[in-house]
Amino acid sequence: MIDLKALRENPDLFRNSQKVRGEDPLLVDQLIAADDLRRIAITEFETLRAAQNTLSKSVGAAKNEDKAALLENAKGLATDVKAADAKRAQAEEAAHKISLQIANLIDPAAPIGGEADFKVIEEIGKPRDFKAEGFAAKDHVELGKILKAIDTERGAKVSGARFYYLTGVGALLELALVNYAIASAVKAGFIPMIPPVLVKPHAMEGTGFLGQAAENVFHLAQDDFYLVGTSEVPLAAYHMDEILENLPIRYAGYSPCFRREAGTYGKDTRGIIRVHQFEKVEMFSFCKPEDAQAEHKKLLQWEKDFFDAMELPYRVIDVASGDLGASAIRKFDIEAWIPTQDAYREVTSTSNCTEFQSRRLNIRYRDENGTKPVATLNGTLVAIPRTIVAILENHQQKDGSVKVPKALIPFLGMDTLVPA
RNA sequence: GGAGACGUCGCAUAGCCCGGUCUAGUGCGCCUCACUGCUAAUGAGGUUUUCCCGAAAGGGAAACGGAGGUUCAAAUCCUCUCGUCUCCGCCA
C-alpha cells in the first residue's frame, strides 16, 4: 500500500510511477477524490458522535421528568449517527480499495520500459566454449537421466506436467545447496526459518500476491488456505501487527514454493526450469526506510557471493519498470548462463519493497517521532531447480559426469557426480 | 470429531453476573522529578495505538481477539467467527 499522505502532497510523482509501470495513472485521481469524500464523511460522523456522547452522558445523570425528553432527543441522534457511520465506513472502504490498486512508488533509478528493457549491470565469469573443448553440451534433462538425478517422466506420471522427482545425487544436491545456503546466511547474521507454507488470505494479501499475481497462486478452496509461492509471504507476515525493535532483522527462510504457472503454456516445458513446486532459500529483511537502498545492495551481494561460490557464469540485471510487480520499487535479477539455451536465465531476484508491504501488514518501528512503517526487502539465496540446472549444465564433462563446485564439496561429500 | 474454560493497556491481573461514574483499577516493568556519600529504599508524576480538524497550541473520534446485533448508551447483554488451553474420542 502506498503512502496516502505522500500521494496527496505529490500526486504527479505517483501518476508518473503508474505510467512507467504500464499501470493506470487515473487511479491516482480516483484515490484523491475518494479520499476527500472519506475525510468529509469522517468529520461528519465524528461531530455527530461527539454530540451523542455528551447527550448520552446527560441521560444517565438526568432525573425522571427530564429524562423522557432527553431520550427522545437521543433517539433521533442515534439514527443520524448510525447513518453517518455507515456512510463513513462505505467511504473508507471505497478509498481503501483504490489505494490497494496503486503500485509502489517506483525508484527513479530503475530503467524505464517493459520486460525486455532491463539494463545489464555486470557480467561475471565466462561461459564455457564447449565446441573448443570438443564436445556438445548436454542439457540438464539428459544429464539428469545419465546421473539418475532428475526424473521428470515419473513426476509427470504421478503429478502431471511440471512436476519432477529429484533422485539419488539430485536429492543430495538439493540438500547440499540448502545446507550451504543456510550456513552462509547464518554466518552473515540471518536467522534461519522454516515457515508454514499454507497461509490465510490476509497474509497473502498483505504481501501483495493477491493482486495481479493472483492467478499464479494455488488456493485450497475448502479451507481457504493459500499455498505460498515463496517464503517471502510467511516471513513478511511473521511480524504482522507488531512494532519492531533492533532493526535490521534478517531471516533466511527455507520452504517449498508452489506456483500455478498460469499462462505459461508452451514455455519451458522441458526439464525443471519452470515447475509447480520447488524448494528455495529466501532472504528477507526488515529495516528502516532510510537503510533500504543499502540493504538492497547487500542482498544482491549475498546472492552474488552464492553464485560465485557455485563457480557459475552469470549476469546481474536491473529489471525495468514495467516488470517489477506492484510491491517493488526496484529489482535486481541474477541470470545464470545456461549453455544449452545459449542464454542467461533468471535464477535469483531481489526486491526493495520499501514500506509497501509493511503498511498493509501493519509492521512498524519506533523513532523519536512515533511509529513508522518499516521497509521490507527480499532476495533469493538459492532456488533449487534452476540452480541445479545451471550447475549440471555448466560443470558437465565430456563423459556426462559433473564437477562439484569447491564450496559445495564438503556439503555433498563428493567432488564429482558420476553417471550411475 | 465431542464436552468445557479462557482471550482486557509491555507483562500479570481486576472489572463482565446487576450496561452509564471504564480507555479502563491494581501489581510488576519502564521514564521523569524529589529525597539521598553511592546503590538500594521511599515519595510525586508519567507510561497504548490509529484517525480527523488545526500553522500551532489544542480539540475531537475510534479501539477491551475479530465481525455483526440490541440500546439514548456495551469491556459488560445477544449472535457468529478466530485463537489458546483442558478433558474425551481418533490417529501417530
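Chain naming here is simple, since letters A, B, ... match the order of the sequence lines and numbering starts at 1 in each. This is a predicted model, so every value here is computed, not measured. Basis for what follows: all heavy atoms, side chains included, without hydrogens, waters or symmetry-related copies.
A 3.5 Å limit on both hydrogen-bonding distances identifies no Watson-Crick or G-U partner for A75(B). Taking a pair to require two hydrogen-bonding distances under 3.5 Å in either a Watson-Crick or a G-U wobble arrangement, C18(B) remains unpaired. For U70(B), there is no paired base (Watson-Crick or G-U wobble, both distances below 3.5 Å). With a cut-off of 3.5 Å on both Watson-Crick or G-U wobble distances, the partner of A44(B) is given as U32(B). As the counterpart of C64(B), no nucleotide is assigned, since no Watson-Crick or G-U wobble pattern has both distances under 3.5 Å. If you check G58(B) for Watson-Crick or wobble pairing at under 3.5 angstrom, you find it paired to C53(B). Across all strands shown, A5(B) pairs with U84(B); the Watson-Crick or G-U wobble distances both stay below 3.5 Å. Across all strands shown, A12(B) forms a Watson-Crick or G-U wobble pair with U26(B), both key distances being under 3.5 Å.
Distance CD1 (Ile40(A)) to P (C52(B)): 13 Å, rounded to an integer number of Å. In this structure, Arg38(A) atom CZ and C53(B) atom C1' are separated by 13 Å, rounded to whole Å. When rounded to the nearest whole Å, the span between CD1 of Ile243(A) and P of U48(B) equals 11 Å. For the pair His202(A) NE2 and G83(B) C1', the computed distance is 15 Å after rounding to whole Å. When the P atom of G68(B) is taken as reference, atom CD of Glu93(A) falls 11 Å away, rounded to whole Å.
G27(B) and C91(B) have their C1' atoms separated by 45 Å, given to the nearest Å. When the C1' atom is compared between G1(B) and G69(B), the two are found 30 Å apart, to the nearest whole Å. Comparing the P positions of G7(B) and G66(B) gives a spacing of 13 Å, expressed to the nearest Å. U71(B) and A14(B) are spaced 32 Å apart, taking the P atom of each and rounding to whole Å. Rounded to a whole angstrom, the distance from the C1' atom of U36(B) to that of A44(B) is 16 Å. Straight-line distance between the P atoms of U81(B) and U32(B): roughly 49 Å, to the nearest whole Å. C78(B) and C28(B) are spaced 35 Å apart, taking the P atom of each and rounding to whole Å. Taking the C1' atoms as reference points, G15(B) lies 24 Å from A67(B), given to the whole Å.
In this model, the phosphate group of A62(B) is approached by a side-chain N or O of Arg49(A) to a distance below 4.0 Å at OP1 or OP2. The shortest distance between the side-chain N/O atoms of Arg88(A) and the OP1/OP2 oxygens of C52(B) is not below 4.0 Å. Put simply, Asn53(A) has a side-chain N or O that comes within less than 4.0 Å of OP1 or OP2 on A62(B). The side chain of Arg39(A) contributes no N or O atom lying less than 4.0 Å from OP1 or OP2 of C51(B).
Look at Arg259(A) and Glu261(A) and you find no salt bridge, because none of the NZ, NE, NH1 or NH2 atoms lies under 4.0 Å from a carboxylate O.
Between the side chains of Gln357(A) and Thr207(A), no donor-acceptor pair of N or O atoms lies under 3.5 Å. The closest side-chain donor-acceptor pair between Tyr164(A) and His276(A), if any, does not fall under 3.5 angstrom.
For Lys82(A), the listed nucleotide lying nearest its side chain is U70(B); candidates were A62(B), C82(B), U70(B). Taking every side-chain heavy atom of Gln52(A) into account, A73(B) is the closest of A73(B), C51(B), A62(B). If you check U49(B), G60(B), C51(B) against the side chain of Ala50(A), the one that comes closest is G60(B). The side chain of Thr371(A) lies closest to U49(B) when the candidates are U49(B), A73(B), C52(B).
Side-chain N or O atoms of Ser159(A) include none that pairs as donor or acceptor with a backbone N or O of Ala156(A) at under 3.5 Å.
Taking the side chain as every heavy atom from C-beta outward, Asn378(A) and Cys353(A) approach each other to under 4.5 Å.
Nearer to the 5' terminus of RNA chain B, by closest-nucleotide assignment, is the contact made by Asp35(A) (compared with the other of Lys75(A) and Asp35(A)).
Applying the salt bridge (charged side-chain N to carboxylate O under 4.0 Å, His left out) test to every pair with at least one member in residues 402-420 of chain A, sequence neighbours left out, gives no pairs at all.
Applying the ring pair (Phe, Tyr, Trp, His ring centres under 6.0 Å) test to Phe45(A) and every residue at least two apart in sequence or in another chain returns nothing.
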